[in-house]
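In what follows, every heavy atom counts, from backbone to side chain, and hydrogens, waters and symmetry copies are set aside.
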Amino acid sequence: MNKLPNLKEILIDTFSKLIEQFSTFTSNFISAIVILLIGWIIAKTASIVIKNVLSRVGIDKIGDKIKDIEAIKKFNLDFKLSNIVAWIVYVFIMLFLSVSAADKLGVPAISNMFLMLVNFIPKVIVAGVMTLIGLFLSDLARNFVVALCKSFNIASGKLIGMGIFFFLLFITVILALGQAGINTALLESSFNIIVGGMVLAFSIGYGFASKEILLNILSSFYSKNKFVEGQIIEILDVKGKILKIDNTSIVLETEGGQTIFPLKVLQSEKVTLFN
């Protein structure tokens, strides 16, 4: 005959296991809280020290230069790089110690999530540095293009420069996202299509609009060695002394004042040289 189980022993055994599990959980929970508390103290102290050190070495001046970039200035951003770096250090330390705290609690899912974030932060930092460098290089290229267009008297120099700025910045952002481990294949394909269409449309439109300017610029290369300031010439029945020759025009001083001709007339019209 089967012997019935002793109910008292079952209850005592079950209760003992519950007490043991609760005791283990309580101990692990307290350990996790202690780890997080110590981590918070370390993270807070480290962030304050790093913030003060970076402020003294002048890293915030880089942030001021970023705010002075024309494309960024309109957003009225107010930030300090020392605060951002200190916050990143604080978050990184807290996440790193949260992995240990989650291990103490025996929750692998939470531990793996924190570990994934810890591994992701360095990639984000590298991507941020790449974006920062790209921002400065894009602005440098914009200023160069604007100055170049101004020297050749090309209209819409600021518009062209701004287009160059966003073009280079977008390429930098794509590279930074790729460094962070984000798939940018679709973004790159869309960008190539958009840029190709814009370049084609801009080339056709600006080619027609700047035809006269380009003709004058080309004429300047052929005429620089033939005509100099101070010479007396006659163009289209207008006689005068050359006051100035730039990349697109020539200025004559006549009896009635000053007359300005586009440089292309030096190639397309008869020019009489008197001295």
Side-chain angles (χ1 to χ4, degrees), residues 58-81 127-176 188 191-192 194-231 235 241-253 258-268:
I59 194 174
D60 290 330
K61 293 180 181 179
I62 299 177
D64 295 335
K65 290 182 179 180
I66 294 175
K67 290 185 286 187
D68 289 337
I69 295 176
E70 187 172 343
I72 307 296
K73 191 183 298 183
K74 60 183 67 175
F75 294 103
N76 295 322
L77 297 177
D78 186 17
F79 64 91
K80 291 184 177 180
L81 282 181
V129 172
M130 288 179 60
T131 304
L132 189 63
I133 294 174
L135 189 63
F136 281 117
L137 292 178
S138 300
D139 189 61
L140 187 65
R142 182 191 68 83
N143 292 332
F144 174 77
V145 171
V146 171
L148 187 63
C149 291
K150 186 177 181 180
S151 66
F152 283 102
N153 292 328
I154 298 177
S156 305
K158 289 185 176 181
L159 180 62
I160 297 173
M162 194 59 68
I164 294 294
F165 173 82
F166 283 109
F167 174 78
L168 296 177
L169 182 61
F170 199 84
I171 291 177
T172 303
V173 170
I174 291 177
L175 293 175
E188 291 176 11
F191 177 71
N192 291 334
I194 293 173
V195 169
M198 290 179 63
V199 169
L200 180 61
F202 180 82
S203 300
I204 296 174
Y206 199 80
F208 283 111
S210 304
K211 182 176 66 174
E212 295 297 325
I213 296 176
L214 292 176
L215 286 175
N216 290 325
I217 293 175
L218 291 175
S219 297
S220 68
F221 291 111
Y222 292 107
S223 306
K224 277 184 177 179
N225 297 327
K226 296 180 180 179
F227 303 97
V228 294
E229 296 177 1
Q231 288 180 326
I235 307 173
K241 183 174 69 173
I242 299 176
L243 286 181
K244 181 181 178 183
I245 300 178
D246 56 25
N247 293 317
T248 57
S249 62
I250 180 172
V251 181
L252 298 183
E253 182 181 19
Q258 295 182 358
T259 304
I260 301 174
F261 290 99
L263 279 182
K264 67 176 184 178
V265 300
L266 298 178
Q267 304 297 322
S268 60

[X]: what forms a side chain to side chain contact (heavy atoms under 4.5 Å, CB included) with it, not counting sequence neighbours?
X	value
Ser138	Phe165, Leu168, Leu169
Thr131	Ala176
Leu140	none
Leu137	Ile133

**Item:** Crowding at CZ, Phe144 (>12 non-hydrogen neighbours, <6.0 Å)
**Value:** no
Once rounded to the nearest 0.5 Å, what's the spacing between atom [atom1] of [X] and atom [atom2] of [Y]?
X	Y	atom1	atom2	answer
Thr259	Glu253	OG1	CD	10.0 Å
Ile171	Phe167	CD1	CZ	3.5 Å
Ile174	Met130	CD1	CE	11.0 Å

Of all the heavy-atom pairs spanning [X] and [Y], show the shortest one and how long it is.
X	Y	answer
Gly161	Val146	CA-CG2, 4.1 Å
Leu243	Glu229	O-CD, 3.4 Å
Leu81	Ile59	CD1-O, 3.7 Å

